[in-house]
Amino acid sequence: MEVCVDSVESAVNAEKGGAMRVELCASLIEGGTTPTPGMLQTIKESTNIPVFCMIRPRGGDFLFTTEEFQVMKSDLQILKQYGADGLVIGILRRDGTVDAAKCRELIELARPLPVTFHRAFDMACNWAQALEDVIELGCERLLTSGQDSSALEGLPLIAKLIKMAKGRITIVPAGGINERNLERILEATKVKEFHCSARSTHNSEMEYRNSVLTMGGVLSPPEFSTKIADTSKISHLVKAFKEFRQ
């Protein structure tokens, strides 16, 4: 089980719950962006499980400018120096195909660390060709909801991807996985790994609260609560996964 996290507390809880790895991001409300070196460093000091880092300079689409790509290369090298155990990338061209040239540059910078191709795949125009492109790039894992709103909804395509991949890459279902649907996803796919956030809401400890404004724009999370990985949810998911695999 890989847990996506955007805080030290979530990473610590993921390890306590039995997760085998965390994917470290900033701004999960935007689907995850590049985390800070300070966040990575503190998590590495606080946990003993592998930390894979997202390389994504902003939310929105996966078509990046020359300047944004330079940011990605710089961030990757910095996070690698700070102890990242793996990197998570994904770049598309404007026509919805995988930008293999740019991805290859990032992968070469990332080596010898493992590389996951993230859910940019779910925005690709031709899933079969995108799968072959990602495999040819040498990515170890592909994170996907089966190009649907959740892994449960995308099960038919996830099953096809696993069949087409023929063991050349690890397909990792992601998107809306929880205790209620994990068993169904495992039965349909027989996957060896899955990805989820398993979060719950924690209220802020602030006593004084200015309720007339928020610090975000149109896409603004609640000002006085945060989403934190839930140790209990994670442990239940890990237990269910292990029982299914027996």
Under the side-chain hydrogen bond (donor to acceptor under 3.5 Å, both in side chains) rule, what do Asn203 and Ser225 come out as? Steps first, then yes or no, please. CA-CA 4 Å; Asn203 288 323; Ser225 67; 5.0 Å; no

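Nearest heavy atom pair, residue Ile234 against residue Gly18, reads CG2-N, 4.3 Å. Across every non-hydrogen atom of Phe241 and Glu193, the tightest pair is CZ-N, 4.3 Å. Residues Leu24 and Leu40 share a closest heavy-atom pair of CD2-CA, 3.7 Å. In plain terms, the two heavy atoms of Cys139 and Ile107 that are nearest each other are SG-CD1, 3.8 Å. Taking every heavy atom of both residues into account, Val115 and Ala110 meet most closely at CG2-CB, 3.7 Å. In terms of heavy-atom proximity, Val134 sits nearest to Val98 at CG2-CG2, 4.4 Å.
When the side chain to side chain donor-acceptor pair (under 3.5 Å) test is applied to Arg93, the partners found at least two apart in sequence or on another chain are Thr97. The salt bridge (charged side-chain N to carboxylate O under 4.0 Å, His left out) check on Asp230 picks up nothing, with sequence neighbours excluded. In this structure Lys192 satisfies the salt bridge (charged side-chain N to carboxylate O under 4.0 Å, His left out) test with no other residue, sequence neighbours excluded. Residues passing the side chain to side chain contact (heavy atoms under 4.5 Å, CB included) test with Thr66: none are found, sequence neighbours excluded. For Arg111, the salt bridge (charged side-chain N to carboxylate O under 4.0 Å, His left out) partners at least two apart in sequence or on another chain are Glu140.
Here the side chain of His118 pairs no donor or acceptor atom with the backbone of Leu143 at under 3.5 angstrom. The backbone N or O of Gly176 sits less than 3.5 Å from a side-chain atom of Asn181, completing a donor-acceptor pair. Asp85 contributes a side-chain N or O that, together with a main-chain N or O of Val51, makes up a donor-acceptor pair within less than 3.5 Å. In this structure a side-chain-to-backbone donor-acceptor pair under 3.5 Å is missing from Arg119 to Met123. No side-chain donor-acceptor contact under 3.5 Å links Asp75 to the backbone of Met72. Judged purely by atom type and a 3.5 angstrom limit, Ser10 has no side-chain atom pairing as donor or acceptor with the backbone of Asp6.
Heavy atoms of other residues, nucleotides or ligands lying less than 6.0 angstrom from CD of Glu183 number 12 at most. For Tyr82, the OH atom counts as loosely surrounded, since its 6.0 Å shell holds 12 or fewer non-hydrogen atoms of other residues, nucleotides or ligands. At most 12 heavy atoms of other shown residues, nucleotides or ligands fall within 6.0 angstrom of atom CZ in Arg180.
Hydrophobic clustering of Ile, Leu, Val, Met, Phe, Trp and Tyr side chains at less than 4.5 Å, counting indirect connections, keeps Phe117 apart from Val172.
Within the structure, every pair that satisfies the salt bridge (charged side-chain N to carboxylate O under 4.0 Å, His left out) test and touches residues 149-169, not counting sequence neighbours, is listed here: Glu132-Arg168.
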